[in-house]
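Notes follow once the structure below has been shown.
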Amino acid sequence: MKKIVLSAAIVLGSLSIYATSMVHSEEVKIESDYQTEYTEISTDTVPAAVKTALQTAYPGAKLVKAYVNDKKEYKLEIAVGDQKATVYSDVNGNWLKI
């Protein structure tokens, strides 16, 4: 009886490890596919609405790099003090959750 329980635990444990590794690899692929849609642009060409929203949400933030995709969504790399972050906005300055 102990051997059956031990065998079942080993089999279930092995399957859960395989399932976890499969989910992780798919998440990485989706993220990398999403990021390739953006094209780098000059920070001067970012719309005023996006710049205003950036200064309102992150006072003192410096826009380091800007990217845009076909949907006119902006990927902004910013620096606030010694911290760096990436935020996403639409053309009207509304923040996007990625």
(message) Is there a path of hydrophobic side-chain contacts, each under 4.5 Å between heavy atoms of I/L/V/M/F/W/Y residues, joining V46 to V91?
(response) yes

(message) As an exercise, state the distance from CG of D90 to OH of Y74, rounded to the nearest 0.5 Å.
(response) 9.5 Å

(request) Output the distance between atom CG (L76) and atom OG (S89), rounded to the nearest 0.5 Å. (result) 6.5 Å

(request) Return the orientation label for the W95 and Y58 ring planes: parallel under 30°, perpendicular over 60°, tilted otherwise. (result) perpendicular

(message) Using 0.5 Å steps for rounding, measure from the OH atom of Y38 to the CD atom of E73.
(response) 5.0 Å

(message) Just verifying a value: how many Å separate K75 NZ and T39 OG1, rounded to the nearest 0.5 Å?
(response) 11.0 Å

(message) Which heavy atom of G93 sits nearest to which heavy atom of A53, and what is that distance?
(response) O-CB, 3.2 Å

(request) Would you indicate whether N92, at its atom CG, is surrounded by more than 12 heavy atoms from other residues, nucleotides or ligands within a distance under 6.0 Å? (result) yes

(request) Output the distance between atom NZ (K65) and atom NZ (K84), rounded to the nearest 0.5 Å. (result) 9.0 Å

(request) With rounding to the nearest 0.5 Å, note down the distance linking CD1 in I78 to CD in Q55. (result) 9.0 Å

(request) Would you indicate whether the side-chain heavy atoms of E77 and Y67 approach each other to under 4.5 Å? (result) yes

(message) So which atom in V80 and which in A61 form the shortest heavy-atom distance, rounded to 0.1 Å?
(response) CG2-CB, 3.6 Å

(request) Could you point out which residue of D44, T43, V50 forms a side-chain contact (heavy atoms from CB on, under 4.5 Å) with L63? (result) T43

(message) If we ignore hydrogens and angles and just use 3.5 Å, is the side chain of T45 paired with the main-chain N or O of I41 as donor and acceptor?
(response) no

